[in-house]
Every structure is written in structure tokens, then in C-alpha cells.
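These numbers come from a predicted model, not from an experiment. Computed over heavy atoms, backbone and side chain alike; hydrogens, waters and symmetry mates excluded.
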Amino acid sequence: METSSPAPPRLLELAAHSPLSSEASPLPALEEFTVSLFPPLLTAAFAKGHKKALKALVQAWPFPFLRLGSLIVQWPNQDSLQAVLDGLEVFPACRACPRRSELRVLDFTLDFEQVQGQDLDFIRELEVFDWFRALSEHSLFATQLGRICNLCSLKLAYYHWAFSPEGRQSSSYFLSQLSKLGHLQKLHLSYSYLSGNLQQVLSCLQTPLHTLEIRSCTLLDTDITYLSQSFHATHLKKLDLSGNNLSHVVPGPLETLLEEVSGTLHSLGLSDNPISRAGLLSLLEHTAGLMELKHVLYRIPVECFVYLDGLSWGPVNEEKLYQVQAELQKLLQALQWADMQWTPTCPHPWP
């Protein structure tokens, strides 16, 4: 039986590792190196934890773009990252150096295609926006997500959840990966169509969330009802439902949800949700039991501005807004909740 041996290192890689064998090694004269040697030199400096070399390489980097995501994944070292940042701090003073840096963009993003097989348990927070590529059924992200076993915070934007029979397989596969994240505490979903399917997303999680942000996901009353009945409700410290039309759940299902989160919730986000003055006052009354709640973001009531058309609004009527705020403050004092902060936010165009 034949066994495959690893490919021998390239000559450039050997040349880069030689002068950077240790932190005590003298720094090479970077102005004498060709630009093609800089990338392997940077890799060698990260591999060896050579802080002086990293700082010097940044100051003399001959390209406008420097991507560090995959290097940080392979050799996670706070000192190495700090050396890169130190090199940037003295950037202007290096204009008289023999080789001037051309660096304009420093990229720390993580490309899963570059780290297949890599130490992923150290990742704590992850943001994904390119869902067309990153969240497709066969992408490395979809297959590797479950391996980020210590992930605490996950942010997904613009993900097309396919729950129809013809597209259910891809979403089911991704949810199976999501179910492996046993330490997930914060989940942020935005600008995604989730109507009536929130249960399928949250029920796969094994541990309760402490922060849940579901912004502009066209939630229905059934989604709010499920959330109030889920085991997440009694553990949530932050809940953001901004950008969803919740007029049909005030008080209704939203009242039930607020009762469930009353023991733990600190922050509630309800901005960009159309709401009337009466609905806002009713909402305040139904939050009286949330003793831990200290901050609420709400959208300015519809009576305080004029609709120009279906997608935009005119200027806010400051006098009417002042009256609403005075009513809110009076009610807060009556409920002995004067330290509660209710902050109005201007409406954005409805999608």
C-alpha cells in the first residue's frame, strides 16, 4: 500500500523561515528582498511569533492589501497581533524608510476555504454576511460550523431560509450544524424571511440564548407565540425585535412574551415597528412586571408624523411627540419606574 507524503516546502518558504528561526534572530534587510518574498516572510513571522519582524514587515509591506484572517487562525497569538497593530501606529514615521509601505487595507476577516482542517475551538464570535456563498449547502462554512464548538455569538444577515419542500434540505443541513453549538449564547438574525418558521431555527439549539436579535425578518404572531413558550424566554437578557410589524401582537402574544422574560430581560429593542400612541402606552403598562428592564427602544408613534407614500414619511411633529413622551413619563412615575429609559427612534423606510 502506497502512502502519500506531504509536499516539500517551496524554496521561497525555506528562504523565509531561515532568517526568522527565532525572536532573537537578526532582522533581514527588507529593502533588499523582492516583493515576492514578503508573503512567505509574513507567514514565517506568524509561525515563529517573531514580533519584531511582524512590525517591520507591516511598515514596509509592498502591497496595498494585507489579509491576516487565515494566519491568525493558524497561529493565534495576541502578541503577534499586537505587533501588527504597533507597526501601524508608527506608520507615518516610516515615510523616510528605504522601502515605503503601500498598505492601504488591513483585512482580518475569516475565509473558511483557507482554514479547512484547522485549531476552530478558539473562535468565540462569528459574523457572516455573504450568505449566497457562505451558507450554501456544500460550502465549507456549512460543513465546518458545527466544529466551532466554543462559539458564543453568531450573526447572520441576508440569509434566505428555504423552508419550502424543494429547498428544505439546505436549511435542514445548516440547522443540523447549528445544533452542535453547545455554547451559543447570542444569536443575531437580520434581513431574512422567517415568517412562521422561527421555531425551526430556535428549537435546534441545545442551550438557552441570553441575547436574541431578530431584526427585519417579517415575524408573525405564531413566531412570537413560539418564542414565549420556548425555554429561551426565561433566560433572555436582551431581546431585539426591531424592523418587524408587531402591530398585530400588541398586547396579545407580545404581552405573553414579556411576562415570560420579566425575570431576566435588561434590554428590549422595538424600533422600526409601526405602533400607535395607544399601543405604545399599552405596551408600557404590560412591561411593568419586567423589574430588570432598564432600556427600551421604540419607534415614534404613527400619529406623530405624516405618511408621504407607502415607503416614506414626512417630518416628525415635535409637539405631538413631546405630548406622547410626557404621557409616557407620567405613566412611568405612576408605576414607580422613573429610572426606566424609553428612547424614541425615527422611522426608516419600510421594506
#### Entry: Close side-chain approach of Leu205 to His232, heavy-atom, < 4.5 Å
yes
### Task
Tell me, with the steps shown, if Ser192 and Leu156 meet side-chain contact (heavy atoms from CB on, under 4.5 Å).
CA-CA 9 Å; Ser192 304; Leu156 301 177; over 6 Å; no
### Task
Using atom types as modelled and distance alone, determine if a side-chain donor or acceptor of Asn197 lies under 3.5 Å from a backbone N or O of Ser195.
yes
### Query
Does Lys320 have any side chain to side chain contact (heavy atoms under 4.5 Å, CB included) partners at least two apart in sequence or in another chain, and if so, which?
Cys304, Asn317
### Message
Count I, L, V, M, F, W, Y as connected when their side-chain heavy atoms are under 4.5 Å apart, and connections chain through other members. Are Leu239 and Leu220 then in the same cluster?
### Response
no
### Task
Report the C-alpha distance between Asp107 and Leu66 in whole Å, list the side-chain angles of each, state the deciding distance to 0.1 Å, and finish with yes or no for side-chain contact (heavy atoms from CB on, under 4.5 Å).
CA-CA 6 Å; Asp107 186 358; Leu66 174 57; over 6 Å; no
### Task
Please answer whether the main-chain N or O of Pro39 pairs with a side-chain N or O of Thr43 as donor and acceptor at a distance below 3.5 Å.
yes
### Message
Running the 4.5 Å side-chain criterion over Ile, Leu, Val, Met, Phe, Trp and Tyr, what cluster does Phe231 land in, apart from itself?
### Response
none
### Query
Looking only at heavy atoms, what is the nearest atom pair of Leu175 and Gln200, with distance?
CD1-O, 3.5 Å
### Query
Are Leu297 and Val302 connected in the hydrophobic side-chain network, where two residues link if heavy atoms are under 4.5 Å apart?
no
### Task
Indicate if Trp61 and Val35 have the same hydrophobic cluster label, given that clusters are the connected sets of ILVMFWY residues with side-chain heavy-atom separations under 4.5 angstrom.
yes
#### Entry: From CA spacing to verdict: side-chain contact (heavy atoms from CB on, under 4.5 Å), Asn245, Leu219
CA-CA 7 Å; Asn245 189 346; Leu219 296 180; over 6 Å; no
### Task
Report yes if the side chains of Asp240 and Ile214 come closer than 4.5 Å at any heavy-atom pair, otherwise no.
no
### Min side-chain heavy-atom separation Leu68-Phe46 under 4.5 Å
yes
#### Entry: Between CH2 on residue Trp342 and CD on residue Gln329, distance to nearest 0.5 Å
11.5 Å
### Message
Just so I know, are the side chains of Pro344 and Gln325 near enough to count as touching, which here means a heavy-atom distance under 4.5 Å?
### Response
yes
### Message
If I compare all heavy atoms of Leu178 with all of Cys204, which pair ends up nearest, and what's the gap?
### Response
CD2-SG, 3.8 Å
### Query
Do you know the tightest heavy-atom contact between Leu331 and Leu281?
CD2-O, 3.8 Å
### Task
Any chance you could measure Lys55, atom NZ, to Gln82, atom CD, to the nearest 0.5 Å?
10.0 Å
#### Entry: Beyond-backbone contact of Lys180 with Cys149, side-chain heavy atoms, under 4.5 angstrom
no
### Message
For Glu327, is there an ion pair with Arg277 - N to carboxylate O distance below 4.0 angstrom?
### Response
yes
### Query
Do Gln185 and His183 touch side chain to side chain, with heavy atoms closer than 4.5 Å?
no
### Query
Taking the side chain as C-beta and beyond, is there a heavy-atom pair between Leu241 and Leu212 under 4.5 Å?
no
### Task
Compare all side-chain heavy atoms of Val58 with those of Leu54 and state whether any distance is below 4.5 angstrom.
no
### Task
Find the distance between OG (Ser242) and CZ (Arg215) and round it off to the nearest 0.5 Å.
4.5 Å
### Message
Would you compute the distance between atom OG of Ser216 and atom CG of Leu189 and round it to the nearest 0.5 angstrom?
### Response
11.5 Å
### Query
Hey, any chance Leu88 and Leu81 share a hydrophobic cluster, counting ILVMFWY side chains that come within less than 4.5 Å of each other, even indirectly?
yes
#### Entry: Parallel, tilted or perpendicular: ring planes of His210 versus His235, cut at 30 and 60 degrees
parallel
### Query
Within the side chain of Asn244, is there an N or O that forms a donor-acceptor pair under 3.5 Å with the backbone of Cys217?
yes
### Summary
Looking only at heavy atoms, the pair that brings Ser36 and Pro40 closest together is O-CD, 3.4 Å
### Task
Using modelled atom types only, decide if a donor and an acceptor are shared between the side chain of His188 and the backbone of Glu213 within a distance under 3.5 Å.
no
### Task
Measure from the side-chain N and O atoms of Ser230 to the backbone N and O of Ser228, and report whether any donor-acceptor pair falls under 3.5 Å.
no
### Query
Looking at CD of Glu125 and SG of Cys152, how far apart are the two atoms once the value is rounded to the nearest 0.5 Å?
8.0 Å
#### Entry: Spacing of CG belonging to Leu106 relative to CZ belonging to Arg67, to within rounding of 0.5 Å
11.5 Å
### Query
Is Asn77 reaching over with its side chain to a backbone N or O of Gly49, donor-acceptor style, under 3.5 angstrom?
no
### Expected output: side-chain Gln341 to main-chain His295 donor-acceptor under 3.5 Å
no
### Message
Would the distance check show the side chain of Thr225 and the main-chain N or O of Asp221 forming a donor-acceptor pair, the cut-off being under 3.5 Å?
### Response
yes
### Summary
Nearest heavy-atom contact between Leu103 and Phe65 is CD1-C, 4.1 Å
### Query
Can you check side-chain contact (heavy atoms from CB on, under 4.5 Å) on Leu181 and Thr207, steps first, answer last?
CA-CA 9 Å; Leu181 304 179; Thr207 54; over 6 Å; no
Taking distance alone, no hydrogens or angles, what donor-acceptor pairs closer than 3.5 Å link side-chain atoms of residues 259-270 to residues at least two apart or in another chain?
unit_1	atom_1	unit_2	atom_2	d
Ser262	OG	Glu259	O	2.8
Thr264	OG1	Leu236	O	2.5

### Joint hydrophobic cluster, Tyr322 plus Leu280, side-chain heavy atoms closer than 4.5 Å
no
